[in-house]
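In each ligand, atom 1 is the first atom listed, and ligand 1 is the first ligand listed. As a basis for the values below, the full set of heavy atoms in this structure was taken, side chains included, without hydrogen atoms, waters or symmetry mates.
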Amino acid sequence: MPVTAVIGAQFGDEGKGKILDYLTANADFVVRYQGGPNAGHTVVPHEKPVVMHQLPTGILREGCTAISGPGMVLSPGDLLNEIQQLKSQGEFRGRLLISERAHVILPLHRVQDAWEEEVRGAMRTGTTGRGIGPAYMDRVGRFGLRMADLQRPELIHQKLELLYTAKKHMTGTTQELPPKEELAAQLVEEGKALAPYLCSTEPILWEAAREGQHILLEGAQSALLDIDYGTYPFVTSSHPTAAGALVGSGLPPQELDSVIGIVKAYSTRVGSGPFPTEALGPEGERLRERGAERGATTGRPRRCGWFDLVLTRYAARLNGFTSLAMTKVDILGGEPEVPICIGYELPNGEQAEDYPPVLAEDLERVTPRWRTFPGWAEFTPTLMRRLHEEGWRALPRELKRYLSFVGEEVGAPVTLVSYGPRREDTVEIPVGGLEPASALEEWRST
Ligand code: IMP
């Protein structure tokens with residue numbers, strides 16, 4: 001499919017980096033369309049893990065053009081470090097382009113991120129502290145600097161002057177901020193260093209789409225962290241959803257051919273906010289340990305829980321998933337039973353199947369209804385070898401049933417399964433390959 005969006009279907013950290021890296025084998029272009037250094041994609045292209053924050057996964061593939069797109073907010077200094085780091089690891093293999101329209105995260109945005117969280121107190125979002133929200137606020141408020149400005153020293157001075165004046169009006173002080181002149185000089189230098197990568201990326205993508213080249217639109221965070229459709233206010237400040245992939249890349253809607261939803265076999269969340277299927281106590285602890293669930297960006301332990309069909313059905317409708325990729329199925333290997341949330345009971349007794357309550361306060365108070373599946377076998381070296389040799393058919397029978405159930409209930413088949421961090425720990429399942437979920441009746445219990 002020439003243009004494919006790859007979207008997190010849960011609360012982020014579904015393993016998008018791993019799946020994207022697998023898919024880039026057939027991609028000519030990979031475009032990150034939103035977010036900034038709040039995201040962290042961990043990829044294991046060879047032996048060593050590589051963590052990327054602002055660079056698209058396509059940079060790891062020779063012949064692939066990786067675009068940090070117009071919808072992103074970028075921290076120039078961190079971006080230069082990331083480029084340097086990848087080069088020193090020998091993993092900077094593709095061609096990098098950075099959109100001139102992307103907005104600049106300034107040191108003051110980090111300062112603002114910290115005090116905003118302080119102000120929120122008990123209602124704190126649990127942001128990554130990277131200044132993402134404040135940078136997007138200045139974008140919408142029309143005080144922002146864009147990457148194109150960094151090529152024009154006189155504009156940097158002019159726009160910083162305006163921004164600092166605005167901040168003084170809003171907060172009463174600019175004392176906490178780095179001196180303006182120092183910052184301007186730093187931005188001029190960073191602009192010079194980034195100049196070889198900066199360009200207008202939309203015309204390149206329009207041309208590529210016209211020629212039928214393969215373009216992957218790489219989401220960060222996830223549908224449930226979308227500023228409008230996520231669990232507001234416990235969300236990020238951009239649109240990780242499929243519509244956001246178009247706005248954030250500049251491609252017109254009719255170019256989008258397919259939308260892959262990435263789901264983990266269970267659920268995790270970092271930061272605050274409702275999480276109806278959260279497993280507290282030893283159960284959650286076990287998932288965290290087994291899945292090594294720590295944030296790639298902040299190192300914070302992730303909250304862990306079970307698969308939530310209500311939220312995933314909602315994400316599927318919102319994004320138009322045409323298929324699903326399920327990751328980390330190996331982590332649940334050896335669990336005697338695997339619960340899955342099939343619906344919510346709301347405090348007023350009503351049921352929800354595919355549309356969660358709009359208010360985070362209400363989502364906090366739903367009671368999940370569960371179905372429990374028998375677990376599947378551990379991913380032993382023998383099983384891994386069989387999977388490498390025979391493909392998806394070697395997946396444990398109970399897991400195949402779980403995949404079939406999820407695909408049917410969500411309305412998009414699971415066509416990719418990841419059972420380890422390495423590129424090769426992935427199998428493709430042809431559409432219609434799995435037994436239908438109706439064959440599952442005997443496995444169900446409430
Ligand atoms: P921000 O994007 O730093 O403003 O954080 C807003 C919310 O999104 C917080 O709950 C973060 O933990 C969450 N978040 C931001 N980036 C990621 C990510 O890449 N994975 C998972 N959660 C994220």
Side-chain angles (χ1 to χ4, degrees), residues 6-20 32-43 51-57 68 71-75 78 82 103 105-106 108-120 122-140 218-241 244 248 262-264 266-275 278 288 291-305 311 315 327-328 360 363-364:
V6 181
I7 315 267
Q10 296 161 318
F11 295 109
D13 308 312
E14 296 89 355
K16 286 183 292 296
K18 152 79 199 255
I19 298 296
L20 277 157
R32 256 290 295 278
Y33 57 84
Q34 44 78 228
N38 51 344
H41 286 160
T42 308
V43 179
V51 182
M52 274 168 302
H53 297 288
Q54 304 184 82
L55 296 179
T57 43
S68 296
M72 290 188 76
V73 286
L74 297 167
S75 162
D78 294 328
E82 208 173 313
H103 273 250
I105 304 177
L106 298 167
L108 60 86
H109 292 131
R110 282 193 183 210
V111 176
Q112 190 175 333
D113 202 337
W115 69 247
E116 282 180 3
E117 282 288 82
E118 224 175 284
V119 169
R120 288 190 193 105
M123 284 288 285
R124 65 195 293 277
T125 317
T127 70
T128 56
R130 299 296 189 270
I132 305 298
Y136 275 118
M137 277 162 76
D138 279 335
R139 180 179 85 154
V140 179
E218 167 176 332
Q221 293 91 37
S222 73
L224 300 171
L225 293 176
D226 184 277
I227 183 74
D228 284 323
Y229 299 102
T231 57
Y232 191 89
F234 305 101
V235 290
T236 193
S237 298
S238 60
H239 292 292
T241 33
I262 313 292
V263 293
K264 192 144 60 178
Y266 50 100
S267 305
T268 57
R269 175 163 203 162
V270 265
S272 329
F275 185 0
E278 184 166 15
R288 184 155 41 249
E293 295 292 354
R294 284 189 178 274
T297 298
T298 59
R300 290 182 289 179
R302 295 178 185 144
R303 299 156 67 194
C304 296
L311 293 180
T327 62
K328 290 190 128 173
L363 186 54
E364 289 279 8

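For Thr231 and Arg269, the side-chain atoms include at least one donor-acceptor pair closer than 3.5 Å. Under the 3.5 Å distance criterion, with hydrogens and angles disregarded, a donor-acceptor pair is assigned to the side chains of His109 and Asp138.
Close approach of ligand 1 to Asp13 (heavy-atom distance below 4.0 Å) involves ligand atoms 20 (N), 21 (C). For ligand 1, the atoms lying closer than 4.0 Å to a non-hydrogen atom of Phe11 are 21 (C), 22 (N).
Shortest contact from atom 3 (O) of ligand 1 to any protein heavy atom: Thr128 OG1, 2.6 Å. Of the protein's heavy atoms, Leu225 CD1, 3.9 Å lies nearest to atom 8 (O) of ligand 1. Of the protein's non-hydrogen atoms, Ala39 CA, 3.3 Å is the one closest to atom 19 (O) of ligand 1. Scanning all protein heavy atoms for the shortest distance to atom 6 (C) of ligand 1 gives Val235 O, 3.2 Å.
Of the listed options Thr236, Leu224, Val270, Thr236 places a heavy atom closest to atom 1 (P) of ligand 1. The heavy atom nearest to atom 9 (C) of ligand 1, out of those in Gly126, Gly12, Gly271, is found in Gly126. Here the shortest heavy-atom distance to atom 16 (N) of ligand 1, taken over Arg124, Gln221, Glu117, His41, belongs to Gln221.
Sorted pairs that involve residues 218-232 and meet salt bridge (charged side-chain N to carboxylate O under 4.0 Å, His left out), not counting sequence neighbours, are lacking altogether.
In this structure, Gln10 CD and Leu224 CG are separated by 8.0 Å, a value rounded to the nearest 0.5 Å. Separation of atoms CG (Asp13) and CD1 (Ile262) is listed at 13.0 Å; rounding is to 0.5 Å.
For a threshold of 3.5 Å applied to N or O pairs, the pair formed by Thr127 and ligand 1 contains no separation below that value. At under 3.5 Å, a nitrogen or oxygen of Asn38, whether backbone or side chain, sits near a nitrogen or oxygen of ligand 1.
Remark: the backbone N or O of Gln34 is paired with a side-chain donor or acceptor of Arg32 at under 3.5 angstrom.
The closest approach between a heavy atom of Arg300 and any atom of ligand 1 is below 4.0 Å.
The 12-atom threshold is not exceeded at OH of Tyr229, counting heavy atoms of other residues, nucleotides or ligands nearer than 6.0 Å.
Considering Arg303, Lys264, Arg300 as possible partners of Glu293, the one that fulfils the side-chain hydrogen bond (donor to acceptor under 3.5 Å, both in side chains) test is Lys264.
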